[in-house]
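Have a look at the structure below before the remarks.
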Amino acid sequence: MKVPARALRSMSMEHPHNIPILILHRMRHLFALLALLIGCQTTQAVPVWEAKENELVALLGDTFWERDYHGAAIETALTVATAGKKVRFRNLGWSGDTPRCESRSYFGPPREGFDRLKQQLAEIKPTTVMICYGAVDSFTGEAGLASFLQAYREMLQMIRETTQANIVLFSPPPASRDTKRWPSLAAQSAQREMYARAIEKLATEEKLAFADLHALMKDQAWSTVNGVTFTQQDYKQIAPLVVRSLGLSIDPATLAQPSLRETIIAKNQLFFQRWRPQNEIYLFGSRKHEQGNNGVEIPQFDPLIAEKEALIFSSFANPNTPDQ
Amino acid sequence: MKFFLALLLIPSSLWAQRNLTQIPSTNPNDQLASFKVADGFEISLFASEPMVHKPIQMAWDARGRLWVASSAIYPQIRPGQTQNDQILVLEDTDEDGKADKRTVFYEGLFIPTGIWPQDGGAYVANSTELWFIHDRDQDGKGESHEVLLSGFGTEDTHHILHGIKGGPDGNLYFNQSVYIHSHIETPFGVRRLMGSGIWQFQPQTGRLEVFTLGQINPWGHVFDNWGQSFTTDGAYGEGINYAFPGATFRCLPDQLPRILKGMNPGQPKQCGLEVISGRHFPDEWQGNMITCDFRGHRVNRFSLGDEKSGYRSQQLADLVSSSHGSFRPVDVNMGPDGALYLADWYNPIIQHGEVDFRDPRRDQVHGRIWRITAKNRPLSPRVNFAKLSVDDLFKQLQAPEQSTRYWAKQEIKSRKLPKLKEAVASLMKNDDLSDTLRCEYLWAAQTAGIEDFVWFRSQFWDRAQAAADGKLRAAIVRTFHQLIRNQGTMVMAVDDANRDAFFLTLCRDPHPRVRLEAVNLMRTVATPRAIEIATTVLAQEMDENLDFALWRSCYEQSSTWLPAFQSGQISFTENSQGLLFALKAANQSNAAALLLDVVEKNQLAPEQLAELMKIIGSTIDQANLNRLFILALDAKHSPALRAQALQAMMTAQQQRGLIPEQTERLIPLLDDSATANAAIELAGLWKIEAARAKLESLASFSNSSSDTSLLSIARLGGPASEAFLNHHLKPSLSPEKQASTLQAMILLDPAKAAPRSADFLSTLKAESPASGALIQAFLSLKEGPALLTNALTGKKLPPAIASQALQKASASGGDTKALIDAITVAGGLTPITSMTEAEMRTWIEEINKSGNAARGEAIYRRMELQCIACHAIGPVGGIVGPNLVSIGSSAPMDYIIDSLLEPAKKIKEGYATAMITTKDGATHTGFLAREDQREVVLRDNAGKMQTIPAAQVSKKEVIPVSLMPAGLTHSLRRDELADLVKFLTELGKDGAYKVQEDGTLRHWQSFQNETQSLPLTTWVDGSIELKEVPVIQLLGKPKRKLESAFELSKDGTVTLAIEGADNARIELNGQELFVKEGKISQPLKAGRHSVRLLIPEPSNARPHVRLLDATAKPIHE
């Protein structure tokens, strides 16, 4: 019972005047708690997101998504949770990124990165975009919140104009609460919470699905690498929470299947080399007059990625989840 | 025809192997036989394939094992290729100088370019990430990895995160090069580095900060006994760089508008760096820096000495050189036995910009580690740190071997001693400690994570006051810097007054290096008062490092201190030079009002005011412009100040179109000689119709060849201007006056001016700056090239003018194809051609067979080819193009031929052409020399700087155009071109065309008459060809006169070796000296000195003058 109580305390500090939201939060946490208590893992009243057949999910965000491409804990969990529907994933996380796409530009201003993302989304054609931002901007605190939200809205508009995708907004993961070990994070817990609630409000205003990962993660003690990024061991425990934040469920036993995870990791490596190839400046940038001829190799990763995905889907080809 | 087609269809991969016959033997013995090693040393093979392959960075660990980051994937992964690069651990278990055990520490890596074994595992730079790989059971095999940091860019795989080094302060340092953009989440917020620099990382706190900015490809990084950093660069060639916190070297223009230089300009590209320490090496080698010229197959040696706040660096003879084309020394480390080890990347092909990723000549399997030992000297003792007691670990901090001291500090850290502070305090009670040992104790505490400022201050700073040398104090201030940066000034535990008093003490320290550290600290503290305190260093002698550090502080923090100055919070009391310095450096667009206050108060000296006025011009707004106009009109101010005010208003008009009210008040100033020049220009810019009559009368009676009044009349516009200029342009005018009238006409109506300009150009006899300016006037207009193209149809141009026009048109970057064709036809020039692959192959054979490098050098030096005007070879020559010092040892012959025939085909990094389109539609091209919020500075192919106000820029692009004009080599015969290519391919190779920094005076003034001179560069071998020096009449006798200079860093006797100047009179500072046994010697004071050669005609001399002392350095500018 301690967990939601603490959450409510911090909530009431964040939104002292916003009673309706407070009530909603209270309700939501009670539901989550009830679901936990009765061990209800397979049914959830209203799933935040449901995978359709042949769904292509883009994970868009910062370091939090990007780091999963190594161990693929989250992606494996989501793959299992949507088994049989041939859902594919594209990890577009980029370290240190913000809704302004500050990490995605090369020699130009952030706008160049924003435009590049737009082009990539147009090429990838995701049917769902799962967005997780806020961990970087939360360091700017309340002062930076308005600009963060404005950039976020602009990004949402771009995604809607570029794709037909469903959009799910995730609240950012918490920073470590061990402020003795990481003294510079003293203000972070409150600031992450502030950004999480602001994103929730944004989702409501934009009529978008909201996955409150922050609420599910914040009361646990995480090892973390440096107080703000997570270890691969952390990711294994985060993965089921991501699934749950979407209102989905998995049988944890299925995650123990190492070959599936390895295939996904191999696919992720191929995709990383496809969308963020090394030597960008020679292949496509200002020195392409020298090595641009080798740019033809990059699309050659596509069939290799498809091969790995066929392998992923085939691992679910059993009577319970018919392969279509 | 069939045969021709067959040649064209040869696959490019096959074609690329055309030089395969020259690939050197891969047998290590053949390589060993090729080495020349300095006297007293020998070299042997420590490891080769299959034990090691493609080493990139290597590092010894505390247990004496050699860790190697290696990659067979570089330069670019193939689709489907597995990420399977490795970290290897090599051991010499029987200590016989050869590796006998190899362990693959970790696999599955993706072009790892950095390795540092420490903390029970290894830090590895792996593409976008910094990993820590755990080896919990210490068996030399990693079990798992954790990503510590991610988001490093990979835009270029020879620029990615690399070169991890542990510092004596306990921090890790690593580099990224100029194409890389990185974004890293840390517990202190996101850190971004857009371009090149060195990162500083504190693993235990997760703190990641940018340590230095710039360098094109920062590579080697070492620390001296005082913790000062020195670096090398794999691209820009300035030898050893002194890198203090915040130092900035050549970088992307928008990283920082001001930079520092390396200490040995004109060096080839250099990579790994090591500082010699330890008992195995002779005394005279201690503290020397050893680096690798991977292009020239050489291992270079430098000796460093103190120079004010920084250092000077002098190149000594090479430690190793080789004629083996695959010997690529990339890293160099002192081993646990005191020997020096070289990582040889081993490859006939380097780089992947110019040479295809998939070129089959690339070697992906070989690699060598070489070991260099001093003959007949015992090796250094190996230390087993894990078995030592804490007392013994502290004793190891006195070891002469730097690595021993490093691992002792690391071992102390890993013991996690609860009473470390007490242990250090007790050691520090001994008053006889050397400064270096105090320094080691300081770092031992810092490495172990002690963050108690008060303790550090009492143990180290307070006791160091008595120390004679400032180097220890500088190291302590560096430690303070980190403590204050991490925890804020409250860690100082003093009140504000005492805090500032302490900072003032640091800035007033007698030792310049302490002051440099203090200024860097003040930049981090960053309060207005801290910046004010920083400027107090101006009261003592400044140098380039201090000036830069202070500038960066004032520049970056201007949004903090300027408002504080405005509100009176800080006042720079009795520190007017501090105020001026800060104002000049300020990076604020709204500073003009404030600066005007300062000007009107007249607190500053005239030359200080002049500098302020320049800033005012580029920052002023409309309201203050009126104020400035009143100042310019007010006779109570000096004429000079009023002229400067007019100049500032001109800048305001040109940059932001600002014009004051009631402009006709300017007219009286047209008659005042002090203000006339600026007033004439302003009358046009402001379109003062009432000034027309006066301008016309000035233009009609002007004696000046380039007349601004004509331009101002054109700016007034309308039929009156047209009529005047038409009337003014007469064939009886001098060519210069005609050209300037035509330029005014272009301003007024380019379409009408074009045919008249073409007529004019066709009548000229020789090219001149005036004809160049006229051609340029068309090129800088959007429609200009088309207008000139039309006007040239059916016209004939003299070849010299056509050639000048061609050079300008091909370097302009706009769409000038049609114009180039028109000029070629009008001038009757040979059209540009490139070579087919078959022709290229024949060519290479021919050049190898009959090309002559000596003849080639003579061709290189021909004036009309202009090679020498743009390219340096070593420390002297033009800076427009890349330095060619090692082009022969780095670039294959086909690359050199291609670059000569089609300069745009391959453009060296850092030499791309930028094209700026301004809001008025004009285009400007050149090398992007500098860029900040106020202006963009381009350097054109004549080396001239052009400043474009940032406010006027509408578009900025990098275009695939070379500043090197196409067609320069078209005047050459086939055999001449072969000689030229042969010469270029020899540059930097072991032999006659390797430039040695051996004290040769390479930069001379060649006198054209009694008083006027032109610069003259020596031949690559350092000699002067007298045919290139005109014979002039001196006191009625035919003679040649040459002058050069050198700088002496301390008083002493200087000796010069003079060769090939038998009948010459030699003067040192104007006093004749006589040559004895080929030398002259003279006691001299520190400072600049001149050498003069007076050579009577006739003469067969070929003089070569060389300084024989390390304290004297040639002046090369």
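Letters A, B, ... mirror the listed sequences (proteins, then strands); counts begin at 1. Please read all numbers here as calculations on a predicted model, not as lab measurements.
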> Going by heavy atoms in the side chains, are A:V225 and B:E146 under 4.5 Å from each other?
Replying inline: yes

> Looking at A:L270, A:T98, A:I298, A:L283, which makes the most heavy-atom pairs under 4.5 Å with chain B?
Replying inline: A:L283

>> Which one wins on heavy-atom pair count under 4.5 Å against chain A: B:G80, B:G151, B:G195, B:G189?
In response: B:G189

> Does a side-chain heavy-atom distance below 4.5 Å link A:S95 with B:T128?
Replying inline: no

> By a 4.5 Å heavy-atom criterion (distance strictly below it), what part of A:R181 contacts chain B: side chain, backbone, both, or neither?
Replying inline: side chain

> Nearest heavy-atom pair of B:R358 and A:E297: which atoms, and what distance?
Replying inline: NH2-OE1, 2.6 Å

> With a 4.5 Å limit on heavy-atom distance, are the side chains of A:Q273 and B:F110 in contact?
Replying inline: yes

> Once you round to the nearest 0.5 Å, how far does OH of B:Y179 lie from OH of A:Y106?
Replying inline: 14.5 Å

>> Could you report the tightest heavy-atom contact between B:D156 and A:I281, atom names first, then the distance?
In response: CB-CG2, 4.1 Å

> Is A:N226 reaching over with its side chain to a backbone N or O of B:T186, donor-acceptor style, under 3.5 angstrom?
Replying inline: no

> A:R67 and B:S150: side-chain donor and acceptor closer than 3.5 Å?
Replying inline: yes

> Atom OG1 of A:T229 and atom CG of B:L149: how far apart are they, to the nearest 0.5 Å?
Replying inline: 7.5 Å

> What residue in A:Q300, A:Q269, A:R274 has the most heavy-atom pairs under 4.5 Å with chain B?
Replying inline: A:Q269

> Looking at B:M194, B:Q83, B:R191, which makes the most heavy-atom pairs under 4.5 Å with chain A?
Replying inline: B:Q83

>> Taking CD in B:Q364 as the centre, count heavy atoms belonging to other residues, nucleotides or ligands within less than 6.0 Å. Is the count above 12?
In response: yes

>> A side-chain contact here means heavy atoms from C-beta on lying under 4.5 Å apart; do B:E185 and A:V136 qualify?
In response: yes

>> If you define the side chain from C-beta out and look only at heavy atoms, does anything of A:H70 sit under 4.5 Å from B:W131?
In response: yes

> What part of B:E129 gets closer than 4.5 Å to chain A, counting heavy atoms only: side chain, backbone, both or neither?
Replying inline: side chain

> Side chains of A:Y282 and B:T157: does their closest heavy-atom pair fall under 4.5 Å?
Replying inline: no

> Are any of the side-chain heavy atoms of B:Q76 and A:Q291 separated by less than 4.5 Å?
Replying inline: no

> Among B:P187, B:G206, B:P203, who wins on heavy-atom pairs under 4.5 Å with chain A?
Replying inline: B:P187

> Of all of A:V228, A:N294, A:L304, which one pairs up most often with chain B through heavy atoms under 4.5 Å apart?
Replying inline: A:N294

>> Can you tell me which of A:E280, A:Q188, A:Q278, A:E290 forms the most heavy-atom pairs within a distance under 4.5 Å of chain B?
In response: A:Q278

> Where do B:D356 and A:N293 come nearest, in terms of heavy atoms and distance?
Replying inline: OD2-ND2, 2.9 Å

>> Give me the atom names and distance for the closest heavy-atom approach of B:I77 to A:F301.
In response: CG2-CZ, 4.2 Å

> If you measure from CD on A:Q232 to NE2 on B:H145, what distance do you get to the nearest 0.5 Å?
Replying inline: 6.5 Å

>> I need the minimum non-hydrogen distance between A:F107 and B:V178, along with the two atoms involved.
In response: CE2-O, 4.4 Å

> If you look at every heavy atom in B:R192 and A:G96, which pair is closest and at what distance?
Replying inline: NH2-O, 2.9 Å

>> Could you check whether any side-chain heavy atom of B:H181 comes within less than 4.5 Å of a side-chain heavy atom of A:S105, counting everything from C-beta outward?
In response: no

> So does A:E142 have more than 12 non-hydrogen atoms from other groups sitting under 6.0 Å from CD?
Replying inline: no

> Considering only heavy atoms, which portion of B:E155 lies under 4.5 Å from any heavy atom of chain A: side chain, backbone, both, or neither?
Replying inline: both

>> Under 4.5 Å from any heavy atom of chain A, what part of B:I111 do you find: side chain, backbone, both or neither?
In response: side chain

